[in-house]
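First comes the structure, then the notes that go with it.
In each ligand, atom 1 is the first atom listed, and ligand 1 is the first ligand listed. Just so you know, these numbers come straight off a predicted model, no measurement behind them.
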Amino acid sequence: MKTPVVIVGGGPAGLLLSQRLHLQGIASVVLERQARAHVLARIRAGVLEWGSVQVLRNSDIGERMDREGHIHDGTDIVWSNRHRLTLNTRRHAGRPMMAYGQTNITEDLYAARDALGGQVIDEAQNVALHDIDGASPFVTYAKDGKTHRIDCAFIAGCDGFHGVSRQAIPAAKRREYEKVYPFGWLGILSETPPLPELIYANSERGFALCSMRNPMLSRYYIQCQLETNLDDWPDHRFWAELKARYPREVAEAVVTGPSIEKSIAPLRSFVCEPMAHGRLFLAGDAAHIVPPTGAKGLNLAISDVFYLSRALTAHFKQGNDAYLSSYSDMALRRVWGAARFSWWLTGLLHRFPDQKAFDLRAQEQELSYLSASEAYMKAVCEQYAGLPFEG
Ligand code: RFL
Ligand code: PHB
């Protein structure tokens with residue numbers, strides 16, 4: 001088989017790239033390791049920056065998002081069980097946010113790829129990248145007991161943090177920056193009405209987050225120890241702990257019910273430089289991971305794909321490789337902006353095992369200053385709302 005672009009990974013980054021290339025008349029094949037049902041069952045991100053909303057709209061997959069997504073003005077933060085502030089992105093950065101789940105976006109993307117006859121090969125095993133340094137790269141994979149080969153002009157590595165694409169860049173050409181946090185998030189999904197706002201909590205019992213998916217679906221998280229066992233967290237214990245981390249008026253407003261999903265996500269910051277080598281280009285979690293505190297992971301996957309689809313389009317339609325050559329540097333500028341912001345917000349809102357009384361006072365002071373200073377609030381909201389895309 002032969003195709004202009006092989007895309008490794010059928011998560012949001014890979015599917016969105018194939019969709020955007022298709023709309024420009026450029027064919028691709030997506031190779032996904034898991035079964036489609038498995039990919040569609042993932043519960044992950046919930047918050048979109050306005051720039052991401054616009055990219056999804058102009059990729060022809062914004063219709064259901066515009067119908068069912070919830071546009072809101074930003075997110076609240078409560079701390080010391082008393083104080084509350086709002087990161088009002090509409091007021092301080094001129095753009096709102098959108099609550100619309102990654103699970104829905106993935107469904108929308110698969111529906112759009114199917115409608116346009118896009119080729120997504122699932123359960124593709126042992127995907128391997130070959131000759132990425134040369135002019136004629138190819139990808140091999142196993143399916144139904146046979147080995148297949150696809151020749152291409154470019155390979156997009158969109159296979160997430162545990163994928164194979166990043167490892168195809170020779171170790172000597174790659175620099176990796178990593179920070180592993182000494183805690184995780186225990187998250188649940190419940191078919192109950194969410195609070196009207198997203199609310200992060202910095203409490204003495206640890207971080208918590210009340211979030212939403214739709215009018216009858218809520219998402220909640222609490223900071224937990226890495227060695228936490230899900231069996232030790234029946235729903236009643238989760239709800240009690242969540243409520244204990246919020247002021248009374250918030251806790252009383254939380255509507256509890258049985259969880260329909262419960263999982264633990266460890267927190268990590270990771271960036272791989274460069275994001276390209278030869279004819280391989282990385283996008284999304286394959287190149288970088290941020291802790292979920294700033295809600296940036298999916299948004300970065302979308303901005304990488306915006307840059308990469310523009311670069312491949314310029315190559316195939318105008319024979320212009322300027323954007324391909326600058327892809328890694330341009331994407332990384334935005335990635336580091338979000339990586340720094342996510343690291344900062346994680347530090348501001350969590351309890352760390354080695355924190356001293358001084359550190360806690362400094363956290364409280366920073367939150368007080370943020371609520372008092374218009375200038376600081378503006379700087380934070382501009383980053384929470386998402387940095388602009390480069391032209
Ligand atoms: P994905 O979603 O991991 O998809 C990669 C796909 O590649 C496949 N794959 C392979 N395919 C072929 N061959 C191989 N060898 C392969 N290895 C892997 C995988 O099966 C998978 O289908 O990466 P992608 O597309 O880059 O998308 C990134 C996002 O999923 C991620 O950044 C976000 O979910 C992060 N995130 C959030 N981001 C936000 O922007 N806003 C949020 O509110 C937000 N909340 C979150 C989050 C992530 C979380 N977890 C669980 C890590 C909340 C949580 C709890
Ligand atoms: C979510 O709704 O899953 C969510 C919201 C905000 C975050 C992270 C996750 O910072």
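- Lys296 forms a cation-pi arrangement with Tyr384, by the criterion of a distance under 6.0 Å to the ring centre and an angle within 45° of the ring axis.
- In terms of protein heavy atoms, atom 36 (N) of ligand 1 is closest to Ala45 CB, 3.8 Å.
- Look at Ala124 and you'll find every heavy atom at least 4.0 Å from all atoms of ligand 1.
- Atom 31 (C) of ligand 1 has as its closest protein heavy atom Asp285 OD2, 3.4 Å.
- Here the heavy atom of the protein found nearest to atom 8 (C) of ligand 2 is Pro292 O, 3.2 Å.
- Using a 3.5 Å distance cut-off with no hydrogens or angles, the side chains of Glu273 and Trp336 do pair a donor with an acceptor.
- Heavy atoms of Trp185 approach ligand 2 to within less than 4.0 angstrom.
- For Val290, no heavy-atom contact with ligand 1 is shorter than 4.0 Å.
- Numbered from 1 in the order shown, with element, the atoms of ligand 2 that lie under 4.0 Å from a heavy atom of Tyr200 read 6 (C), 7 (C), 10 (O).
- Of all atoms in ligand 1, listed by their number and element, those nearer than 4.0 Å to a heavy atom of Val127 are 13 (N).
- Each of the following atoms of ligand 2 lies closer than 4.0 Å to a heavy atom of Tyr221: 1 (C), 3 (O), 4 (C), 9 (C).
- Across all their heavy atoms, Cys210 and Tyr246 have their closest contact at N-OH, 3.1 Å.
- Of all the heavy atoms of Tyr221, the ones lying under 4.0 Å from any atom of ligand 1 belong exclusively to the side chain.
- Considering only non-hydrogen protein atoms, atom 6 (C) of ligand 2 sits nearest to Leu209 CD2, 3.6 Å.
- For ligand 2, the atoms sitting less than 4.0 Å from at least one non-hydrogen atom of Arg44 are 3 (O), numbered in the order shown with element in parentheses.
- Scanning the protein for heavy atoms near atom 39 (C) of ligand 1, the closest one is Leu298 N, 3.2 Å.
- Residue contacts with ligand 1 do not include Glu49, since none of its heavy atoms lies under 4.0 Å from the ligand.
- In this structure, atom 5 (C) of ligand 2 lies nearest to the protein heavy atom Val47 CG2, 3.5 Å.
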